[in-house]
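Notes for the one structure printed next.
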Amino acid sequence: MIGNNFFNVKWKIKGVLMKTYNPQEVEIKWQKHWDENNSFEPSEDKTLPKKYILSMFPYPSGRIHMGHVRNYTIGDSIARYYRKIGFNVLHPIGWDSFGMPAENAAIKNKIHPKKWTYENIDYMRKELKRLGLSFSKTREFATSDPEYTRWEQEFIIKMYENGLLERRTQKVNWCETCHTVLANEQVIDGCCWRCDNEIEIKELPGWYIKITKYAEELLNDMEKIKDGWPERVLTMQKNWIGKSIGLKFKFNLSDESKSKLKNRFDGYEVFTTRPDTVYGVTYSALAPEHPIVDFMLENNLFNLETEEKVRRIRSILPKDRQAMEKEGVYLGIDVVHPLTGEKVPVWLANFVLVEYGSGAVMAVPAHDERDFEFATKYNLPIKWVIEPENGEINKTEAYTAEGILINSGEFTGIKNTKAKDAIIKKFEELGIGSKEINYRLRDWGISRQRYWGAPLPFVKCPKCGIVPEKIENLPVTLPDDVEITGGANPLETHPTWKYTKCPKCGGDAIRETDTMDTFVQSSWYQFRYVSDFRKYKDVPFRAEDEKYWMPVDQYIGGIEHAILHLLYARFFTKALRDLGYASVDEPFSKLLTQGMVLKDGSKMSKSKGNVVDPDEIIAKYGADTARLFMLFAAPPEQELEWSDSGVEGAYRFLNRIYQNASKCKKTNKIPQIDANKLTKEEKEARRKVYETLKRSKDTYEKTFSFNTLIASSMESFNALNKIKNEDVYTEGYFILMNVLEPIIPHITSEISKEYFDLANFKEIQIDENALKKDEINYPVSVNGKKRAEISVSTEAKKDEVMAKAKEAVAKYIEDKEIIKEIFVPKRIVNIVIKG
RNA sequence: GCCCGGGUGGCGGAAUUGGUAGACGCAAGGGACUUAAAAUCCCUCGGGAAUUUCUCCCGUGCCGGUUCGAGUCCGGCCCCGGGCACCA
């Protein structure tokens with residue numbers, strides 16, 4: 001441990017009285033002060049300018065980790081900055097408290113999920129408080145609180161009534177270890193996002209939120225937030241939504257094929273983004289799970305050999321097919337080309353996805369890489385219908401670039417980019433196809449077959465079908481008396497919970513036992529914070545509060561939520577708007593995605609044994625040290641490599657500013673300084689201080705490059721410690737304590753209270769005179785190479801500077817012909833000579 | 001394969017957006033203080049040459065270009081990280 005042996009002992013170094021910095025004492029004192037004074041509650045005065053600063057809320061896993069420290073330190077610094085310069089600031093915290101880990105803990109430790117969760121919250125709340133975070137106390141909640149669930153259930157019912165939610169049976173992603181269904185967004189490389197177990201496809205009934213209805217708006221509204229969000233997050237969302245425009249048309253089966261299929265099918269639809277290549281179709285391909293294939297198998301319409309191949313391909317999981325070679329088999333049926341009338345063979349192909357488009361494609365081997373590969377393998381014909389404007393086609397691969405149509409009937413000779421629309425139009429005129437927009441985005445499956453979640457507020461009545469619970473009966477709460485086994489849903493097996501009466505007919509009915517995906521809770525929590533909801537219990541949040549506070553001005557969180565949470569929250573905001581609860585289109589105007597905290601080059605994790613516990617760091621050095629290190633070690637968007645000695649460096653800096661503070665005189669206003677009476681060094685120190693002040697505005701409001709702001713502060717302190725002028729020194733502290741308060745609030749409060757009575761904790765005007773330089777240093781280069789440095793008066797004109805510059809580099813330009821003289825005011829002098 | 005980031009000392013990272021590369025911090029070395037150590041303070045710190053203290057050469061992944069001047073702009077390439085990935 002460093003320097004803690006002499007707490008509160010005063011002694012003299014170089015004649016100045018100093019005392020040792022004791023972070024534990026100072027920090028707890030200020031934390032108590034803030035707590036007792038409710039220092040961080042937002043004002044109800046809606047005439048004040050506002051800032052809503054939000055860091056993503058944590059899952060109450062038990063203890064905070066360094067990622068939390070980083071996230072909350074960034075958010076807290078921004079919040080404290082705005083509060084200090086006079087904004088009404090909403091800076092809330094809550095707990096994303098439903099979810100699997102509580103159930104896992106229940107199984108492992110025989111503790112009820114609710115007890116485990118709320119105990120964790122109590123512990124973590126203390127940890128966050130010890131970090132000196134300026135959260136509002138009145139706005140705190142946990143998403144598992146019944147009051148929160150109540151409103152969520154109301155939203156869900158309203159969504160159901162407005163066609164935004166439906167129950168249906170479809171193929172779903174099933175994780176056996178988590179014993180639940182997962183949304184598409186929660187499946188990563190075919191594995192569960194939480195436990196990494198390989199997912200299975202099952203056919204199950206479940207609840208779906210129709211996020212696809214908002215695909216277009218989610219895409220278009222990116223325009224509204226593009227200045228505040230990182231480009232890559234928007235790109236990721238754009239790719240995820242995956243809009244593509246093309247032609248949808250129907251392939252009619254040939255007459256023989258129709259009768260072969262017992263007239264159950266007359267054809268099937270296909271979608272293409274390349275209608276310009278439609279004349280090049282030489283075969284069509286169906287997904288292994290296509291209904292026609294199902295039918296043919298059920299009715300033994302394949303010969304033995306084909307059936308065997310079909311069954312083999314179908315037996316392979318779609319995700320495993322990705323890695324495999326293209327494979328297929330001719331199904332023995334044909335369709336008719338809609339424009340040429342030619343017969344087109346129908347194949348089954350392992351690369352066709354049943355869930356995209358219609359699960360069937362037209363194949364144009366000449367102009368599609370996949371189709372080419374497949375056609376080459378099975379010796380299918382290749383028909384070239386586009387050729388480059390200049391040069392020859394290389395017929396050993398698909399030609400996918402732009403060009404002119406050939407062999408394309410009436411469209412021959414047209415540029416392919418134009419042919420796209422022309423051919424769509426032709427299909428529409430003939431009534432055999434139409435323009436179609438396809439999205440990759442699927443509806444959001446929110447059913448989870450788990451206990452620790454918000455119950456879906458619906459009842460299954462044998463007479464009335466699905467019936468929403470009555471609003472006055474909300475919330476539908478979880479029973480406490482359950483046994484968590486990790487197997488079947490405890491709500492399903494509970495002896496009495498699910499048996500209820502139908503809200504409509506009053507007859508015996510059964511409750512829905514699925515609970516909601518936890519991402520539903522985190523999709524609207526930003527709205528809940530806007531009101532002092534303990535006072536206003538008849539609404540989820542007050543409209544006037546929502547209008548005032550929303551949208552969130554600055555949102556801070558990890559990049560890992562780029563798609564999942566951030567897309568859902570954007571959707572939910574739009575849905576709440578359309579249901580009449582919200583007034584905004586987008587929830588977060590600005591987003592800062594903070595980088596991970598690494599140790600020894602990889603993410604801190606228990607399994608790697610490289611975890612640094614924030615509590616230990618705080619116990620050893622204090623919260624300000626932890627905060628300072630977090631913001632100094634790297635820019636917020638980058639990864640941050642943990643460094644024990646870097647932390648010690650931060651601690652040393654705090655000690656220095658604490659001890660040197662005694663060189664200040666006590667005052668409650670900024671010292672008036674006559675710049676004319678100062679030495680060069682004193683002016684220099686003042687300039688650095690004011691440059692830091694100037695920089696701080698940009699840092700807290702725009703760039704968030706706290707690392708360089710801190711560096712600039714350190715530089716200022718170094719300069720101040722070289723001078724002896726008490727006024728300049730005091731002014732420097734007055735300002736620097738102000739600049740650093742958002743980052744290291746405890747020590748700056750302590751010093752500012754003692755010396756300035758906190759008079760420095762408000763916006764300080766920049767003294768432009770202090771920023772002015774009397775002299776400027778010019779590097780003088782000859783042919784671009786720096787040869788000398790000169791110092792001239794700020795007022796010096798070009799001629800004067802050039803004359804001095806030539807003198808300084810005389811030995812380089814003697815006897816040489818000067819071709820050019822470059823003079824960039826306040827920057828550089830360059831003399832170009834011959835030879 | 002496609003789309004984004006990014007490659008700067010021993011390390012984390014700066015560089016006013018085309019104008020003194022390496023701010024600030026860490027680590028390292030030397031010195032002061034001390035019986036000693038810790039802490040603290042001072043000095044050095046990209047590489048090389050010279051060392052008579054006035055210096056010179058090289059250097060921001062690699063090759064080339066534009067420019068009086070390039071870490072920054074342009075063309076080509078090589079690595080690293082992330083995202084998407086048979087999406088028709």
Side-chain angles (χ1 to χ4, degrees), chain A residues 1-6 13-14 18 20 189 230-240 242-244 246-247 270-274 277 284-285 287 318 321-326 349-353 355-364 368-371 373-374 438-440 559-560 562-563 628-629 632-635 637-650 652-653 655-656 659 691 695 705 707-718 721 777-789 811 819-824 826-833:
Chain A
M1 205 178 280
I2 302 166
N4 281 356
N5 312 347
F6 302 99
I13 291 177
K14 289 184 183 169
M18 300 201 169
T20 304
D189 290 332
E231 196 190 315
R232 62 179 180 142
V233 173
L234 295 177
T235 308
M236 280 161 73
Q237 291 207 356
K238 201 172 163 189
N239 291 340
W240 186 263
K243 179 183 181 177
S244 54
L247 168 70
V270 293
F271 172 74
T272 177
T273 54
R274 293 297 305 272
T277 64
S284 171
R321 290 178 201 153
Q322 285 182 23
M324 293 171 61
E325 199 182 321
K326 297 198 183 358
N350 66 346
F351 63 85
V352 180
L353 306 170
E355 70 272 14
Y356 186 77
S358 54
V361 295
M362 69 174 209
V364 184
D368 181 279
E369 280 166 31
R370 285 165 314 172
D371 297 348
E373 197 184 325
F374 192 83
N438 247 302
Y439 300 95
R440 214 187 72 119
I559 184 81
E560 67 272 19
I563 297 174
L628 180 65
F629 173 74
F632 182 53
E637 302 224 287
Q638 273 179 45
E639 291 177 337
L640 183 153
E641 175 70 32
W642 182 263
S643 152
D644 290 330
S645 50
V647 175
E648 301 229 357
R652 273 200 289 270
F653 174 68
N655 265 289
R656 264 199 301 272
Q659 294 184 352
E691 270 172 2
R695 180 189 277 264
S705 51
N707 55 328
T708 53
L709 180 65
I710 294 165
S712 166
S713 304
M714 288 172 169
E715 224 182 311
S716 305
F717 277 113
N718 291 344
N721 284 320
N777 283 351
Y778 278 95
V780 181
S781 32
V782 177
N783 287 356
K785 269 188 182 153
K786 189 195 160 193
R787 293 300 182 188
E789 195 174 304
K811 69 173 181 178
I819 303 170
K820 209 170 178 182
E821 293 175 4
I822 314 279
F823 171 72
V824 185
K826 293 180 185 167
R827 290 267 187 271
I828 201 167
V829 173
N830 190 17
I831 297 167
V832 187
I833 57 171

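Chain letters run A, B, ... following the sequence lines, proteins first, then strands; residues in each count from 1. Remember, predicted model here, so these are calculated numbers, not experimental data.
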For the side chain of [X], starting at C-beta, report the closest nucleotide among [options].
X        : options             : result
A:Arg827 : B:U17, B:C57, B:A15 : B:U17
A:Asn830 : B:G83, B:G13, B:C68 : B:C68
A:Thr273 : B:A88, B:G12, B:G82 : B:A88
A:Arg440 : B:C87, B:G13, B:C86 : B:C87
A:Met714 : B:C4, B:C24, B:G19  : B:C24
A:Met236 : B:C24, B:U55, B:G83 : B:G83
A:Pro635 : B:G13, B:A88, B:U20 : B:G13
A:Glu715 : B:C24, B:G5, B:U40  : B:C24
A:Phe351 : B:C86, B:G25, B:G5  : B:C86
A:Ala711 : B:A27, B:A23, B:G19 : B:A23

Which whole number of Å gives the distance between the [atom1] atom of [N] and that of [M]?
N     : M     : atom1 : result
B:G12 : B:G7  : P     : 12 Å
B:U72 : B:C63 : P     : 13 Å
B:G71 : B:U8  : P     : 15 Å
B:C68 : B:U55 : C1'   : 25 Å
B:G19 : B:C73 : P     : 11 Å
B:C77 : B:C57 : C1'   : 28 Å
B:A28 : B:U66 : C1'   : 42 Å
B:C74 : B:A85 : C1'   : 31 Å

**Prompt:** Is atom CD of A:Glu369 surrounded by more than 12 heavy atoms (other residues, nucleotides or ligands) closer than 6.0 Å?
**Reply:**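 It does not: A:Glu369 CD has 12 such atoms or fewer within range.
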
**Over 12 non-hydrogen atoms of neighbours within 6.0 angstrom of CZ in A:Arg787** =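 Count over threshold, so yes.
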
**Message:** Closest-nucleotide mapping onto RNA chain B: is A:Glu369 or A:Val824 further toward the 5' terminus? I mean the 5' end.
**Reply:**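 Nearest-nucleotide comparison on RNA chain B picks A:Glu369.
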
**Given RNA chain B, 5'-ward residue of the pair A:Asp368 and A:Arg787, judged by closest heavy atom** =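 This one resolves to A:Arg787.
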
Taking only the side-chain nitrogens and oxygens of [X], find out if one of them lies under 4.0 Å from OP1 or OP2 of [N].
X        : N     : value
A:Ser712 : B:C24 : no
A:Asn239 : B:C2  : no
A:Asn777 : B:U20 : no
A:Arg695 : B:A14 : no
A:Lys786 : B:U20 : no
A:Arg652 : B:C24 : no

**Message:** Before you tell me yes or no, could you show the steps for A:Phe653 and A:Phe632 under ring-ring contact (aromatic ring centres under 6.0 Å, His included), namely the whole-Å CA-CA distance, both residues' side-chain angles and the distance that decides it to 0.1 Å?
**Reply:** CA-CA 12 Å; A:Phe653 174 68; A:Phe632 182 53; 8.1 Å; no

Just checking [X]: base, sugar-phosphate only, or nothing, at a heavy-atom cut-off of under 4.0 Å?
X        : result
A:Val832 : sugar-phosphate
A:Val270 : nothing
A:Gly649 : sugar-phosphate
A:Glu639 : sugar-phosphate
A:Glu789 : base
A:Arg656 : sugar-phosphate
A:Arg370 : base

Rounded to whole Å, how long is the line connecting atom [atom1] of [X] with atom [atom2] of [N]?
X        : N     : atom1 : atom2 : result
A:Lys238 : B:C87 : NZ    : C1'   : 16 Å
A:Phe823 : B:C68 : CZ    : P     : 19 Å
A:Gln638 : B:G13 : CD    : C1'   : 8 Å
A:Asn350 : B:C86 : CG    : P     : 12 Å
A:Leu709 : B:A15 : CG    : C1'   : 16 Å
A:Lys785 : B:C57 : NZ    : C1'   : 8 Å
A:Glu648 : B:G25 : CD    : P     : 16 Å
A:Asn783 : B:G69 : CG    : C1'   : 10 Å

**Item:** A:Lys826 backbone acceptor or donor facing A:Tyr778 side chain under 3.5 Å
**Value:**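 Checked: pair present.
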
Look through every strand shown and name the nucleotide pairing with [N] as Watson-Crick or G-U wobble, where both distances are under 3.5 Å.
N     : result
B:C11 : B:G25
B:G81 : B:C4
B:C73 : B:G65
B:C41 : B:G31
B:U17 : none

**Asked** How would you label the glycosidic angle of B:U17: syn (within 90° of 0) or anti?
**Response**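 For B:U17, whose glycosidic angle is within 90° of 0, the conformation is syn.
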
**Asked** If anything within 90° of 0 is syn and all else is anti, what is B:G9?
**Response**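 B:G9: syn.
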
**Message:** Using the side chain to side chain contact (heavy atoms under 4.5 Å, CB included) definition, which of the options A:Arg370, A:Met324, A:Glu373 pairs with A:Phe351?
**Reply:**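 Only match with A:Phe351 under side chain to side chain contact (heavy atoms under 4.5 Å, CB included): A:Arg370.
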
**Prompt:** Centre of A:Phe374's six-membered ring, under 6.0 Å away, within 45 degrees of the axis: is that where NZ or CZ of A:Lys326 sits?
**Reply:**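 Because its charged atom misses either the 6.0 Å distance or the 45° angle limit, A:Lys326 does not stack over A:Phe374.
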
**Request:** Assess whether one donor atom and one acceptor atom, taken from the side chain of A:Arg274 and the base of B:A88, lie less than 3.5 Å apart.
**Result:**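 When only heavy-atom distances are counted, A:Arg274 does not reach the base of B:A88 through any donor-acceptor pair under 3.5 Å.
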
**Gap separating the OG atom of A:Ser645 from the CZ atom of A:Arg652, nearest 0.5 angstrom** =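 Rounded to the nearest 0.5 Å, the OG-CZ separation comes out at 8.0 Å.
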
**Message:** Would you compute the distance between atom NZ of A:Lys238 and atom CD1 of A:Ile563 and round it to the nearest 0.5 angstrom?
**Reply:**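 Spacing of NZ (A:Lys238) from CD1 (A:Ile563) equals 14.0 Å.
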
**Asked** Heavy-atom distance under 4.5 Å between the side chains of A:Ile828 and A:Lys786, does that happen here?
**Response**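 Not in contact.
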
**Item:** Contact check, side chains of A:Arg274 and A:Val364, non-hydrogen atoms, under 4.5 Å
**Value:**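 Answer no - side chains too far apart.
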
